[in-house]
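Worth knowing before you read on, the calculation uses all heavy atoms, side chains too, and leaves out hydrogens, waters and symmetry mates. The shown structure was predicted, so the numbers you read here are calculated from the model rather than taken from an experiment.
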Amino acid sequence: MPKILYKDSYRNVRRGTMQDIELEQAVEILLAHASPVTETEDVPLLDAVGRVAAEDIKAGFDNPPFDRSPLDGYTFAAASTCMAKAESPVTLRVVAEECAGDFFAGTVGAGECVRIMTGGAIPQGCDCVVRQEDVREDGDAIRVPFTSKPYENYCYAGEDIKKGTVILRQGQIIRAAQIAVLASEGHATVRVHRRVRVAVASTGDELLQPGEPLRPGKIYNSNLYLLAGRLKELGAEVTVVGSVPDDVERAAEVIASYADKVDVFLTSGGVSVGKKDIMHGVVPALGAERLFWRVCMKPGAPAIAYTRGRLLGIALSGNPFAAFATFELMAKPALLRIAGQTDVLPARRRAVLADAFPKECLGRRFLRARMEADGRVSLPDQHESGSLFSAAGCDAFVDVPAGTKPLAAGTEVEVVIL
Ligand SMILES: Nc1nc2c(c(=O)[nH]1)N[C@H]1C(S)=C(S)[C@@H](COP(=O)(O)OP(=O)(O)OC[C@H]3O[C@@H](n4cnc5c(N)ncnc54)[C@H](O)[C@@H]3O)O[C@H]1N2
Ligand code: MOO
């Protein structure tokens, strides 16, 4: 591997045609290099929660599979009660009893009924159900004091799902409701894409692992937990590499050793213009192609993306909120695409600010924020890129365009929902 000096690495890439790109362009470039995994596997339904469907599934039969009763009561032909009145009820003979799961194979004739429980299959000859509380039970007969209409209190076969309906779409994320629908159609397993494999590491000789004693000038490594934790939440197969030293060759060797094992190598730190911002050197040392460096946004502007063969490398800023924001806005769409998902961009909406933001934004800025129950979006007090704690309760970013003056409470803003 060529020896690359720290001081060379950013200066070389800064010269020439290098230009900051818009976030949307960065996402487009990442998505263009995010090939969905092709390997699939069949997993039991409960293991499929959080996974991405690898095939469209159509309902193989009408659900429910038979006409059924929505009540505990009696079923008969509505025509049998056409003469019924409160003062002269019609008497119907109870010829059978059916609980849910039973099947009465006979035909119910005029003047007859079947006692039926909720979920019981409606027998031949019957077209309505009455509640048992509404009739008088009298030995093996009932007295019905009103006329019933055909298909009153009646659940049709296929009322829930018609045969042939697409019940799961390729690329859809599978949640509890989806596995319940699959179960209702008799599926015990479902075909899913294999999980996206991500190695996550942090750069920075200042970093200590939690559990080590705190030493002067050092800080604990929080980004590793933020990124690995978020990857877990998103259902990725995470390899926690840990801290890589601030050494171009060593870091490149570590990343290269994962090139065939993971889809994405995610790092934080070392992307700005400092003496130890090694990622500029790591990219050529890896023999990788740099896709971009610097995005027109705060925080996280100095993010780098690169590829080597099938490996996609995403190097985020070390500042914790920069790592947080750029992970959500740039890395996540690419990871979801690789995982096989079709819907990969975060939702956006307009909302009114509950709090003021007192600073002018010369460049485009993403503010940590929280959607409130009243539909407004609130801001914490602390917005530094290096501050993590105030982001911990946030579930949205306010997307503030370049050149925005201080924002007053009550201003309508564009919000990215996490
Ligand atoms: N002269 C300039 N300096 C800086 C610029 C610039 O344009 N010119 N950009 C600033 C911006 S914006 C950012 S963002 C940071 C990006 O720096 P790096 O991505 O190279 O990150 P580091 O220098 O390694 O670290 C920055 C900051 O974050 C702390 N850190 C790093 N890793 C972790 C971790 N795993 N857990 C917790 N905290 C971490 C690190 O100690 C630093 O305080 O550069 C600005 N500078
Ligand atoms: O892009 Mo940086 O995170 O603002 O300090």
Side-chain angles (χ1 to χ4, degrees), residues 30-65 101 158-201 224-242 257-266 307 309-314 327-328 330-347 395 417-418:
L30 286 168
L31 291 180
H33 288 85
S35 313
V37 292
T38 49
E39 303 99 301
T40 62
E41 53 181 328
D42 288 325
V43 294
L45 290 189
L46 277 176
D47 294 340
V49 175
R51 304 291 298 269
V52 181
E55 58 182 352
D56 284 356
I57 296 182
K58 286 185 180 171
F61 56 86
D62 278 348
N63 221 331
E159 183 172 85
D160 183 4
I161 307 170
K162 291 262 177 300
K163 181 179 174 178
T165 306
V166 177
I167 55 171
L168 189 72
R169 287 220 175 266
Q170 197 284 119
Q172 190 180 357
I173 185 138
I174 300 173
R175 307 261 183 230
Q178 277 74 45
I179 63 166
V181 168
L182 291 169
S184 79
E185 281 284 321
H187 295 268
T189 61
V190 57
R191 178 150 297 193
V192 294
H193 289 283
R194 78 147 162 81
R195 291 177 194 278
V196 54
R197 295 182 185 132
V198 188
V200 53
L224 192 69
Y225 293 86
L226 175 79
L227 298 174
R230 194 69 183 107
L231 287 164
K232 278 195 160 196
E233 285 179 349
L234 295 173
E237 196 178 297
V238 190
T239 303
V240 179
V241 176
S257 70
Y258 286 92
D260 299 329
K261 301 189 185 90
V262 298
D263 304 300
V264 176
F265 203 104
L266 187 66
T307 52
R310 280 191 46 81
L311 180 74
L312 177 61
I314 306 177
F327 177 85
E328 295 298 326
M330 279 184 227
K332 186 178 150 196
L335 292 165
L336 298 186
R337 174 63 54 82
I338 296 170
Q341 271 182 250
T342 41
D343 205 5
V344 298
L345 297 179
D395 57 8
I417 309 294
L418 304 186

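In this structure, OG1 in T165 is found 8.0 Å from CD in E185, a value given to the nearest 0.5 Å. Taken to the nearest 0.5 Å, the CG atom of D42 stands 5.0 Å off from the OG1 atom of T189. In this structure, CG in L45 is found 11.5 Å from CD in Q178, a value given to the nearest 0.5 Å. Taking CD of E233 as the start and CG of L231 as the end, the distance is 9.5 Å to the nearest 0.5 Å. We find the CD-NZ distance between Q341 and K332 to be 8.5 Å, quoted to the nearest 0.5 Å. Distance check, rounded to the nearest 0.5 Å: CD1 of I173 to CG of D343 gives 10.5 Å.
In this structure the side chain of I179 never reaches within 4.5 angstrom of the side chain of V190, judged on heavy atoms. By the 4.5 Å heavy-atom criterion applied to side chains, P346 and L418 are not counted as neighbours. Taking the side chain as every heavy atom from C-beta outward, V37 and V52 never approach each other to under 4.5 Å. Side chains of L226 and F327 form no contact here, defined as non-hydrogen atoms less than 4.5 Å apart. Between L31 and P333, some side-chain heavy-atom pair lies under the 4.5 Å cut-off. D56 has its side chain out of reach of K58: every pair of non-hydrogen atoms, C-beta onward, lies at least 4.5 Å apart. A heavy-atom distance below 4.5 Å is found between the side chains of I314 and L266.
Across all non-hydrogen atoms, the minimal contact from A199 to V241 is CB-CG2, 3.9 Å. Closest approach of L224 to V240, counting heavy atoms only: CD2-CG1, 3.7 Å. The heavy-atom pair separating V198 from V262 by the smallest distance is C-CG1, 4.2 Å. Summarising the geometry of A334 relative to L30, their closest heavy-atom pair is CB-CB, 4.1 Å, with the distance given to 0.1 Å.
A donor-acceptor pair under 3.5 Å is formed between the side chain of N63 and the backbone N or O of S184.
Of the candidates V181, V49, L168, I174 forms a side chain to side chain contact (heavy atoms under 4.5 Å, CB included) with just one, namely L168. Only one option out of R195, R230, K232, R197 pairs with V238 in a side chain to side chain contact (heavy atoms under 4.5 Å, CB included); it is K232.
The side-chain contact (heavy atoms from CB on, under 4.5 Å) check on E41 picks up V43, R51, V192, R194, with sequence neighbours excluded.
Q170 and H193 form a side-chain donor-acceptor contact under 3.5 Å, judged by distance and modelled atom types alone.
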